[in-house]
Amino acid sequence: MDKVILTPLKQIHTPKGDVFHGMKKSDVGYDGFGEAYFSTVNKGQIKGWKKHTKMTLNIVVISGEIEFVIYDDSTEEFKNVKLSLNNYQRLTVKPGVWMAFKGLENNSILLNIASIEHNPEESENVSIEKINYEW
């Protein structure tokens with residue numbers, strides 16, 4: 001799926017506390033900066049489906065484990081990615097595909113480094129039942 005990029009990220013372990021890289025403007029997938037925000041998802045809960053028309057998402061899971069499902073309705077292709085500190089990567093999702101995600105552990109938190117500021121007019125939402133995916 002060409003609208004999705006998965007980028008391994010650096011973890012630097014030090015005796016006084018670890019450093020977890022997120023994103024640099026020189027990274028593949030960087031498409032400008034609009035805002036950064038954190039979102040929580042409870043274990044077993046699903047958020048989505050949402051399709052952005054302009055925003056590029058750059059998602060890093062900083063706590064717990066989250067399963068992301070991306071759906072391209074033009075090709076009917078699904079991509080499934082599970083992220084956690086044990087699988088520490090950045091998920092870049094370009095505009096034009098649907099995404100939903102499910103919390104797999106308690107205390108799951110993601111960081112989204114979005115290319116533009118949030119604008120509710122810029123995205124579509126449909127109920128989780130609308131796109132047929134077996135969670």
Side-chain angles (χ1 to χ4, degrees):
M1 190 177 290
D2 64 346
K3 294 187 183 231
V4 177
I5 303 166
L6 205 51
T7 307
L9 296 173
K10 253 190 204 179
Q11 297 181 45
I12 302 167
H13 301 287
T14 68
K16 294 183 180 181
D18 298 337
V19 175
F20 296 87
H21 281 216
M23 179 165 235
K24 301 183 294 262
K25 68 179 183 177
S26 59
D27 285 347
V28 172
Y30 179 80
D31 195 21
F33 176 77
E35 68 178 7
Y37 66 84
F38 297 94
S39 180
T40 63
V41 58
N42 297 328
K43 183 177 182 178
Q45 296 299 304
I46 301 170
K47 292 185 176 184
W49 295 100
K50 181 177 267 194
K51 178 167 56 170
H52 288 281
T53 59
K54 297 178 184 171
M55 182 185 288
T56 296
L57 311 172
N58 287 287
I59 297 170
V60 178
V61 172
I62 62 165
S63 179
E65 184 176 24
I66 302 173
E67 175 182 8
F68 297 89
V69 178
I70 300 96
Y71 174 65
D72 186 339
D73 56 0
S74 68
T75 63
E76 297 187 359
E77 178 184 1
F78 285 95
K79 181 164 185 71
N80 175 293
V81 177
K82 292 180 184 177
L83 296 179
S84 66
L85 290 183
N86 292 328
N87 183 27
Y88 191 62
Q89 301 185 71
R90 182 180 57 250
L91 173 64
T92 301
V93 181
K94 300 284 186 174
V97 292
W98 294 95
M99 188 177 79
F101 53 94
K102 179 180 181 178
L104 300 179
E105 293 181 7
N106 291 324
N107 303 316
S108 294
I109 303 173
L110 67 81
L111 163 65
N112 180 25
I113 304 165
S115 63
I116 62 172
E117 289 185 36
H118 175 74
N119 174 355
E121 311 265 325
E122 172 277 328
S123 63
E124 288 180 62
N125 295 285
V126 297
S127 69
I128 201 66
E129 297 82 21
K130 184 79 173 171
I131 296 173
N132 189 18
Y133 182 80
E134 185 65 40
W135 291 92

Looking only at heavy atoms, what is the nearest atom pair of [X] and [Y], with distance?
X      : Y     : answer
Leu6   : Pro8  : O-CD, 3.9 Å
Ile116 : Lys54 : CD1-CB, 3.9 Å
Tyr88  : His21 : OH-O, 2.6 Å
Pro95  : Thr56 : CD-OG1, 3.5 Å

Can you find a heavy atom in the side chain of [X] that is under 4.5 Å from one in the side chain of [Y]?
X     : Y     : value
Val28 : Thr92 : no
Leu91 : Leu57 : no
Lys82 : Glu67 : yes

Is [Y] reachable from [X] through a run of I, L, V, M, F, W or Y residues, each pair having side-chain heavy atoms under 4.5 Å apart?
X     : Y      : answer
Val60 : Val41  : no
Val4  : Met99  : yes
Ile59 : Phe101 : yes
Ile46 : Ile66  : no
Leu85 : Phe68  : no

Which residues share a side chain to side chain donor-acceptor pair (under 3.5 Å) with Trp98, sequence neighbours left out: Asp73
Side-chain (Asn112) to main-chain (Asn58) donor-acceptor, under 3.5 angstrom: yes
Test item: Thr53 side-chain N/O and Glu122 main-chain N/O as donor-acceptor pair under 3.5 Å: yes
With Lys102 via salt bridge (Lys or Arg N to Asp or Glu O under 4.0 Å) - residues at least two apart: none
Partner set under salt bridge (Lys or Arg N to Asp or Glu O under 4.0 Å) for Asp27, not counting sequence neighbours: Lys24, Arg90
Straight-line distance of [X] [atom1] to [Y] [atom2], nearest 0.5 Å:
X     : Y      : atom1 : atom2 : value
Thr14 : Ile12  : OG1   : CD1   : 8.5 Å
Lys3  : Ser74  : NZ    : OG    : 7.0 Å
Met55 : Glu117 : CE    : CD    : 9.0 Å
Asp18 : His13  : CG    : NE2   : 5.5 Å
Lys51 : Asp72  : NZ    : CG    : 8.5 Å
Phe20 : Gln11  : CZ    : CD    : 4.5 Å

Throw together a table of side-chain donor-acceptor distances under 3.5 angstrom for residues 126-135, partners on residues two or more places apart or in other chains.
residue: Ser127; atom: OG; partner: Glu129; partner atom: OE1; Å: 3.3
residue: Tyr133; atom: OH; partner: Asn80; partner atom: ND2; Å: 2.8

Crowding at NZ, Lys79 (>12 non-hydrogen neighbours, <6.0 Å): no
With Tyr30 via side chain to side chain contact (heavy atoms under 4.5 Å, CB included) - residues at least two apart: Met23, Lys25, Phe33
Side-chain donor-acceptor distances from residues 104-111 under 3.5 Å, at least two apart:
residue: Ser108; atom: OG; partner: Glu65; partner atom: N; Å: 3.2
residue: Ser108; atom: OG; partner: Glu65; partner atom: O; Å: 3.1
residue: Ser108; atom: OG; partner: Glu105; partner atom: O; Å: 2.9

Parallel, tilted or perpendicular: ring planes of Trp49 versus Phe78, cut at 30 and 60 degrees: tilted
Short side-chain donor-acceptor distance under 3.5 Å, Gln89 and Asn87: yes
